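Written out below as structure tokens is the structure these notes cover.
As the structure is a computational prediction, the values presented were derived from the model and not from experiment.
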Amino acid sequence: MIITSSLVTPDPGLIVWTSVVFVILLILLRSFAWKPILGAVKAREESINEALKAAENARAEMSKLQNDHNELVKKAKADRDLILKEARETKDRVIAEAESTAKATVASMIEKANEDIKREREQAFKELRAEVASIAIEASSRILR
């Protein structure tokens, strides 16, 4: 089993033609394939960079919107608390006014009732005096008869 040496050692003509074909292939690839491939890679890189910038802008906008939302929520809670405070104050004021009015009304009714009682008492005393006087006159006239 002897292996021929032509398989192991290349022929100089083969080396030259392989080199020429390789150089031609490099020239063809450089002129027809590498420019479009590099252009596509560069375009893809630019689109990725633009997408990253857009995502960063969207993140910043989302953060701004979140902050605005939080501020609106805080303002709404403050407004709610203010409205509730005003409502409590109004309720307390209305209750106090109603109590004051009721007390004044009750006081005037009591005063009127006391005046009515006083008048009725005086009227009763007048009638009683008249009756006593009438009885006294009748008794004296009977006694004098």
Say you draw a straight line from CD of Glu127 to CD of Glu120; how long is it, rounded to the nearest 0.5 Å? 8.5 Å
Rounded to the nearest 0.5 Å, how far does CD1 of Ile95 lie from OG of Ser100? 13.5 Å
Is it true that Glu138 and Arg142 have a side-chain N and a carboxylate O under 4.0 angstrom from each other? yes
Give the cluster check for Leu82 versus Val73: same hydrophobic cluster or not, with ILVMFWY residues linked at side-chain heavy-atom distances below 4.5 Å. no
What's the spacing between Leu144 CG and Ile137 CD1 if we round to 0.5 Å? 11.5 Å
Leu65 versus Glu61: any side-chain heavy-atom pair under 4.5 Å? yes
So, do Ile27 and Phe32 sit near enough that their side-chain heavy atoms are less than 4.5 Å apart? no
Distance check, rounded to the nearest 0.5 Å: His69 atom NE2 versus Lys74 atom NZ? 11.5 Å
Working to the nearest 0.5 Å, report the span between CG of Asp68 and NZ of Lys75. 12.5 Å
So does Arg59 pair up with Glu56, basic N to acidic O under 4.0 Å? yes
Side-chain contact test, heavy atoms from C-beta onward, threshold under 4.5 Å: evaluate it for Arg44 versus Val41 and give yes or no. no
With clusters defined by side-chain heavy atoms of hydrophobic residues (ILVMFWY) lying less than 4.5 Å apart, directly or transitively, does Trp34 cluster with Phe22? yes
When rounded to the nearest 0.5 angstrom, what distance separates CZ in Arg121 from CG in Asn114? 9.5 Å
In this structure, would Val20 and Leu28 fall into the same cluster of hydrophobic residues linked by side-chain contacts under 4.5 Å? yes
